[in-house]
Amino acid sequence: MTLKECYAELEGDYEGVLARLRSERMVQKFVLKFLNDKSYELLVTSLETGNNDEAFRAAHTIKGVCQNLSFTKLYESSSQLTECLRSGTGPEADALVRQVEEDYKKTVAAIQALQTEL
């Protein structure tokens, strides 16, 4: 799998991130670092314990990282969750959490597939 194929798999904007970071090597470096980011785990733990403030910060961090790396699909769902958590949790938060989980797992799977072929 190439980096471009990885972006297609995770529904990201390869051309956008390449224009921003200017080299495929830099993009690859930061994409692989995403696997070590603990924001998603913090989001899950914070939601389980009812810590809305921490859940908001974790969702906001995921959103920012995804925006910088042009992980479009995960950016969109984490952005919606961030806005939902900004005003507290509600019934729509559960559906958004499930969407973020799905998009996160898809993103991680694509990056892991890339990593195994490097």
Side-chain angles (χ1 to χ4, degrees):
M1 172 181 287
T2 66
L3 187 57
K4 189 172 186 175
E5 291 168 336
C6 176
Y7 265 81
E9 184 69 26
L10 60 81
E11 298 182 51
D13 179 8
Y14 175 75
E15 299 302 327
V17 73
L18 193 57
R20 189 169 30 267
L21 296 182
R22 299 186 171 255
S23 85
E24 191 168 287
R25 194 172 132 257
M26 286 297 287
V27 173
Q28 181 178 302
K29 174 184 173 182
F30 288 109
V31 165
L32 293 175
K33 283 184 178 235
F34 183 81
L35 296 175
N36 298 320
D37 186 89
K38 302 297 182 201
S39 298
Y40 179 75
E41 292 168 18
L42 180 60
L43 172 66
V44 171
T45 302
S46 299
L47 289 169
E48 288 172 350
T49 61
N51 188 338
N52 188 61
D53 290 340
E54 197 66 36
F56 168 77
R57 281 191 288 281
H60 193 274
T61 299
I62 294 167
K63 177 183 93 163
V65 169
C66 291
Q67 185 175 31
N68 288 333
L69 291 174
S70 296
F71 292 170
T72 309
K73 182 85 169 160
L74 182 54
Y75 165 74
E76 290 170 354
S77 61
S78 61
S79 180
Q80 291 173 359
L81 179 59
T82 298
E83 292 312 309
C84 179
L85 293 174
R86 186 182 302 277
S87 58
T89 57
E92 67 279 0
D94 291 338
L96 292 171
V97 168
R98 285 191 300 275
Q99 186 63 54
V100 167
E101 177 183 18
E102 180 182 316
D103 296 343
Y104 178 81
K105 287 180 178 179
K106 183 176 185 176
T107 299
V108 167
I111 296 169
Q112 287 173 333
L114 171 69
Q115 187 178 44
T116 61
E117 294 188 26
L118 295 178

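In what follows, every heavy atom counts, from backbone to side chain, and hydrogens, waters and symmetry copies are set aside. Along the sequence shown, residues are numbered consecutively beginning with 1.
Scanning both residues, A55 and L47, for their nearest heavy atoms gives CB-CD2, 3.7 Å. Residues V100 and L74 approach most closely at O-CD1, 3.9 Å, considering heavy atoms. Of all heavy-atom pairs spanning Q115 and L32, the tightest one is CB-CD2, 3.9 Å. For the residue pair L43 and I62, the shortest heavy atom distance occurs at CD2-CD1, 4.1 Å. Smallest separation of non-hydrogen atoms from S23 and L18: C-CD1, 3.6 Å.
Hydrophobic clustering, with ILVMFWY side chains joined whenever heavy atoms are under 4.5 angstrom apart, keeps L42 apart from V97.
Remark: side-chain polar atoms of E5 are paired, donor with acceptor, to backbone N or O of T2 under 3.5 angstrom. The backbone N or O of F56 sits nowhere less than 3.5 Å from a side-chain atom of R86 that would complete a donor-acceptor pair. Under a 3.5 Å cut-off, the side chain of T61 and the backbone N or O of S39 do not form any donor-acceptor pair.
Expressed to the nearest 0.5 Å, how far OG1 of T107 lies from CD of E102 amounts to 10.5 Å. Annotation: the span from C6 atom SG to I111 atom CD1 amounts to 5.5 Å, rounded to 0.5 Å. Here OG1 of T116 is found 7.5 Å from CG of L114. Values are rounded to the nearest 0.5 Å. Considering CG of L21 and CD of Q28, their distance stands at 12.5 Å, rounded to 0.5 Å. To the nearest 0.5 Å, the span separating CD on E83 from NZ on K63 amounts to 5.5 Å. The structure places CZ of F30 at 9.5 Å from CG of N68, a figure rounded to the nearest 0.5 Å.
Side-chain contact annotation: T72 with D13, donor-acceptor N/O pair under 3.5 Å absent. Defined by atom type and a distance below 3.5 Å, a donor-acceptor pair is missing between the side-chain atoms of N51 and T49. With 3.5 Å as the limit, one finds a donor-acceptor pair spanning the side chains of E24 and Y14.
Between V31 and F71, the closest side-chain pair of non-hydrogen atoms falls below 4.5 Å. Between R20 and M26, every side-chain heavy-atom pair lies at or beyond the 4.5 Å cut-off.
Between Y104 and F34, the ring planes are tilted. Angles from 30° to 60° get that label.
Between E9 and K106 there is no salt bridge, since none of the side-chain N atoms of the basic residue sits less than 4.0 Å from a carboxylate O of the acidic one. Between R98 and E101, none of the side-chain N atoms (NZ, or NE/NH1/NH2) sits under 4.0 Å from a carboxylate O, so this pair counts as no salt bridge.
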Check your understanding: Would Q99 and K73 count as a side chain to side chain contact (heavy atoms under 4.5 Å, CB included) if you check the C-alpha gap in whole Å, the side-chain angles of each, and the deciding distance to 0.1 Å?
Key -> CA-CA 10 Å; Q99 186 63 54; K73 182 85 169 160; 4.2 Å; yes

Review point. Yes or no on side chain to side chain contact (heavy atoms under 4.5 Å, CB included) for Y75 and L69, after CA distance, side-chain angles and deciding distance?
Key: CA-CA 9 Å; Y75 165 74; L69 291 174; over 6 Å; no

